[in-house]
Amino acid sequence: MEIIIVDNSDQVSTTAADVIAAHAELGHTLGLATGSTPEGTYRELIHRYRHGDLSFNRCTAFLLDEYVGLPKDHEQTYYCTIRRQLTSHIDIADERVHSPDGTAAHPGEAAEEYERLIARSGGIDVQILGIGTDGHIGFNEPTSSLASRTRIKTLHPDTVRDNARFFEGDESRVPHHVITQGIGTILDSRHLVMIATGESKAHAVRAMVEGPVSAMCPASALQLHQHVTVILDRAAVAELSNVDYYTYAFSHKPQWQGF
Ligand code: F6R
């Protein structure tokens, strides 16, 4: 696990954009997260595309997760969110931007079909991840199996509370069920890029990086992956014990090693 510590959330965004841009240039399959954290990264990628520095025209994208039960055109579906935040502003073909079908009559079957679609397309080359305050990745809440595949999950009340901000603060409007890539599915991606900013994530970041591998902190499963880039701002590293070592290791990284 490579830990990159930068001063602020803007630098998290530009550093993450550097990593994603390198994959996009190779026409790689991108795994996209929604939520607040990647918004700056997406803005930066759009900026580079508009300035002619970057193209996504050979890329395919898969979202991590989707609410169950919201109409597809609801502005808070992740289907709409990713188009608003990123994909309708760049040159990726819309039919190559995939997300789980949260409107399916049989969401469990839709989840299994999504898993098959990812496999048929050759898997995900780079997966962007954010972390929940309870350590979730995708919507794999604490106690999710570390081997889980794409399936339906019930959101933890803390996540419902955290996400109420996207529903005018009204928790009763937040769907309680989601389809999410499983932790096993996420670990199949060839490169994981975790971004976290702000003090509210410091506790979860510590459990992810320095805690034991445990289903109580789903993000700790990243310790089992061979290629993980974790990009954090100063506030998010407040509870880490080994900041000096991570900083030393990154500053001594040979340039040829790349991301
Ligand atoms: C979103 C997702 C979630 C978020 C996490 C952090 O697709 O899978 O795991 O990454 O809830 O959300 P923010 O970035 O809003 O703090």
Side-chain angles (χ1 to χ4, degrees), residues 9-10 12-13 16 20 30-44 61-68 70 74-87 97-100 102 111 114 118 124 126-144 148-167 169 171 174-187 189 192-205 207-208 215 217-222 228-233 235-236:
S9 60
D10 285 346
V12 169
S13 298
I20 303 308
L30 313 176
L32 301 176
T34 46
S36 306
T37 316
E39 281 188 74
T41 303
Y42 296 156
R43 275 196 299 274
E44 177 65 22
F62 285 92
L63 263 65
L64 265 179
D65 40 21
E66 182 58 281
Y67 290 117
V68 169
L70 286 185
H74 187 290
E75 61 172 12
Q76 291 308 331
T77 59
Y78 290 164
Y79 174 91
C80 287
T81 302
I82 203 64
R83 282 166 175 76
R84 192 169 60 243
Q85 290 184 346
L86 177 65
T87 59
V97 180
H98 303 287
S99 49
Y114 194 63
I118 294 172
I124 292 169
V126 59
Q127 175 65 59
I128 305 174
L129 296 166
I131 187 168
T133 52
D134 62 0
H136 71 232
I137 49 173
F139 275 132
N140 297 283
E141 298 285 25
T143 71
S144 290
S148 50
R149 313 303 305 186
T150 306
R151 71 213 181 292
I152 303 174
K153 287 293 287 180
T154 304
L155 292 182
H156 192 284
D158 289 351
T159 306
V160 172
R161 187 203 58 218
D162 285 348
N163 285 7
R165 71 190 191 280
F166 298 115
F167 294 83
E171 287 186 25
V174 183
H176 287 222
H177 295 98
V178 291
I179 298 175
T180 181
Q181 285 187 34
I183 299 174
T185 318
I186 292 169
L187 292 179
S189 295
L192 302 178
V193 180
M194 161 62 76
I195 52 179
T197 58
E199 205 184 341
S200 67
K201 300 293 173 69
H203 191 68
V205 164
M208 167 178 72
C217 176
S220 66
L222 270 54
V228 183
T229 306
V230 181
I231 308 169
L232 305 165
D233 70 359

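Atoms within a ligand are numbered from 1 in the order they appear, just like the ligands themselves.
Tested against Ile231, the residues Thr41, Val12, Thr37 include a single side chain to side chain contact (heavy atoms under 4.5 Å, CB included) partner, Val12.
Remark: distances from the non-hydrogen atoms of Gln181 to ligand 1 are all 4.0 Å or more.
With no hydrogens or angles considered, a side-chain donor-acceptor pair links Asp162 and Thr133 at under 3.5 Å.
Here the protein heavy atom with the shortest distance to atom 5 (C) of ligand 1 is His136 NE2, 3.4 Å. Nearest to atom 14 (O) of ligand 1 among the protein's heavy atoms is Thr37 OG1, 2.4 Å.
Neither the backbone nor the side chain of Glu39 has any atom closer than 4.0 Å to an atom of ligand 1 (non-hydrogen atoms only). When non-hydrogen atoms are compared, ligand 1 lies under 4.0 Å from the backbone of Ile131 (N, CA, C, O) but not from its side chain. Of all the heavy atoms of Asp65, the ones lying under 4.0 Å from any atom of ligand 1 belong exclusively to the side chain. The backbone and the side chain of Thr34 each have at least one atom closer than 4.0 Å to an atom of ligand 1 (non-hydrogen atoms only).
Annotation: side chain of Phe62 is not in contact with side chain of Thr150 (no heavy-atom distance under 4.5 Å). In this structure, Leu32 and Tyr78 have side chains that are not in contact, with every pair of non-hydrogen atoms separated by 4.5 Å or more. Leu192 is listed as a side-chain neighbour of Leu187, based on a closest heavy-atom distance under 4.5 Å. At least one side-chain heavy atom of Ile179 sits under 4.5 Å from a side-chain heavy atom of Val68.
If you number the atoms of ligand 1 from 1 as listed, the ones under 4.0 Å from a heavy atom of Lys201 come out as 6 (C), 13 (P), 16 (O). Atom numbering of ligand 1 starts at 1 in the shown order; those under 4.0 Å from a heavy atom of Gly35 are 14 (O), 15 (O). Atoms of ligand 1 lying under 4.0 Å from any heavy atom of Gly130, numbered from 1 in the order shown and given with element: 10 (O). Those atoms of ligand 1 that come under 4.0 Å of a heavy atom in Leu64, given as number and element, are 8 (O).
Asp233 contributes a side-chain N or O that, together with a main-chain N or O of Gly198, makes up a donor-acceptor pair within less than 3.5 Å. Ser148 contributes a side-chain N or O that, together with a main-chain N or O of Ile183, makes up a donor-acceptor pair within less than 3.5 Å.
Proximity annotation for atom 3 (C) of ligand 1: of Ala33, Ala219, Gly138, Gly198, Gly138 comes nearest, heavy atoms only.
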